[in-house]
*Asks:* 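The structure under discussion is supplied below as structure tokens; questions concerning it will follow.
Quick caveat: nothing in here was measured; it's all calculated off a predicted structure. The chains referred to below are lettered A, B, ... by the order of the sequence lines, with proteins before strands, and numbering in each begins at 1.
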Amino acid sequence: MPELPEVEVVKKSLEKEITNLSIKRVKIKDGNLRYKVKRQDIYKIKGLKIKKIKRRSKYLLIFLSNDFIIIVHLGMTGKFFIKKKNKSKQKTSFYYNLQNGQEEKHDRLIFYLSKETKLIYNDVRKFGFITLCSKRKVFENKHIKKLGPEPFDRNFNLDYFVKYINGKKRVIKDLLMDQKFVSGLGNIYVNEILFFSNINPKRKISNLKEFELLQIIKNIKKVLKKAILFGGSTIKDFKSSSGKLGEFQQHFKVYGKKGHQCSNLDCKGKVKKITISNRSSFFCSICQK
DNA sequence: TTCTTTGTTCCGGA
DNA sequence: GTCCGGAACAAAGA
């Protein structure tokens with residue numbers, strides 16, 4: 001479930017906690033992630049220093065002191081924990097809220113860093129991955145190279161939108177989920193963005209008016225910025241609380257709100273749930289035409 | 001037991 | 001070759 005805002009929040013807290021620390025050793029507890037963690041990669045990063053951390057779409061790029069970059073994708077349930085000596089385990093972000101004990105069970109990798117700091121990668125469903133890449137080749141990486149513009153990029157504008165959709169005939173929700181069109185959005189934020197844009201998720205892109213395209217662009221930037229400000233969204237399956245949590249889910253207007261009254265004051269509609277391309281979509285059939 | 005959930009890749013048909 | 005939709009993947013809760 002981590003979409004751009006959650007990854008950005010993780011990036012910020014990792015940046016604060018592990019920049020300038022060096023990697024002493026790495027323990028693979030379960031390397032069978034989306035791609036198997038390679039032992040030779042682990043060997044290559046031993047002794048290197050963590051120089052800086054960047055985000056591209058939903059990917060984290062951890063720059064090391066030589067030519068290497070660690071590329072991380074959190075998949076659906078990947079998360080990092082930081083553990084310092086004499087301190088209990090801290091989450092790296094306001095992100096997931098875990099039940100007690102869950103963390104240990106799904107810890108997959110442990111990075112032993114300098115200053116007696118441990119960085120733990122935990123992933124319940126193992127859809128995330130961690131791989132090594134050289135700085136020179138990062139834009140040739142098979143994941144990174146196919147990404148479309150960042151939503152906050154000035155190149156992501158009306159001109160780009162109009163050109164991209166020319167001759168295509170998908171529905172708008174599918175397009176916004178497509179990382180080649182714009183990178184970083186997932187199911188949750190696309191639902192929210194279409195609500196604010198007053199556009200039905202099943203609308204064909206060929207039928208959208210120019211003012212509607214502008215609305216979509218504006219709301220993508222607006223919703224993502226606000227979500228980052230609130231520390232992202234916390235997955236709702238987990239119940240007990242410890243540490244700081246993302247709070248943006250409290251601001252959801254439609255996602256997960258089937259049957260709720262539409263949040264627009266003058267609207268008597270209810271939020272509906274339908275399936276589009278095997279994903280659930282929530283919308284108000286009165287406000288979203 | 002079956003359905004649902006999430007992001008991404010892969011595959012086949014148009 | 002491009003476009004597009006559907007299935008698959010892991011794991012857990014309802």
*Asks:* Could you check which residues of residues 170-178 of chain A get a heavy atom under 4.0 Å from DNA chain C? Sort them by number, please.
*Replies:* A:Arg170, A:Asp174
*Asks:* Please tell me if A:His143 has a side-chain N or O lying less than 4.0 Å from either OP1 or OP2 of B:dT9.
*Replies:* yes
*Asks:* Whether A:Asp67 and A:Lys135 form a salt bridge (side-chain N of Lys/Arg under 4.0 Å from carboxylate O of Asp/Glu) is what I want to check.
*Replies:* no
*Asks:* Choose from C:dA11, C:dC4, B:dG7 the nucleotide whose nearest atom is closest to any side-chain atom of A:Lys126.
*Replies:* C:dA11
*Asks:* Does a salt bridge link A:Glu192 with A:Lys253, judged by any charged N lying under 4.0 Å from a carboxylate O?
*Replies:* no
*Asks:* Does C:dA10 have OP1 or OP2 under 4.0 Å away from a side-chain N or O of A:Thr77?
*Replies:* no
*Asks:* Does this structure show an ion pair linking A:Lys58 with A:Glu6, if we count only N-O contacts that are shorter than 4.0 Å?
*Replies:*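 No, no charged N to carboxylate O under 4.0 Å.
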*Asks:* Hey, does A:Lys180 reach any base, or is it just sugar-phosphate, or nothing, if we go heavy atoms under 4.0 Å?
*Replies:*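 Contact class for A:Lys180: none.
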*Asks:* With a 4.0 Å cut-off on N to O distance, would you call A:Glu212 and A:Arg203 a salt bridge?
*Replies:* yes
*Asks:* Counting only N and O atoms by type, is there a donor-acceptor contact under 3.5 Å from the side chain of A:Ser183 to the main-chain atoms of A:Pro149?
*Replies:* yes
*Asks:* Counting distance alone, no hydrogens or angles: does the base of B:dT9 have a donor or acceptor under 3.5 Å from a partner atom on the side chain of A:Arg34?
*Replies:*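 No pair found.
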*Asks:* Quick one: hydrophobic cluster around A:Ile71, which other residues, with the 4.5 Å side-chain cut-off, linked directly or via members?
*Replies:* A:Tyr35, A:Tyr59, A:Leu61, A:Phe63, A:Ile69, A:Phe129, A:Val138, A:Phe139, A:Ile144, A:Leu147
*Asks:* Per the atom types in the model, does the base of B:dG7 pair as donor or acceptor with the side chain of A:Arg279 at under 3.5 Å?
*Replies:* yes
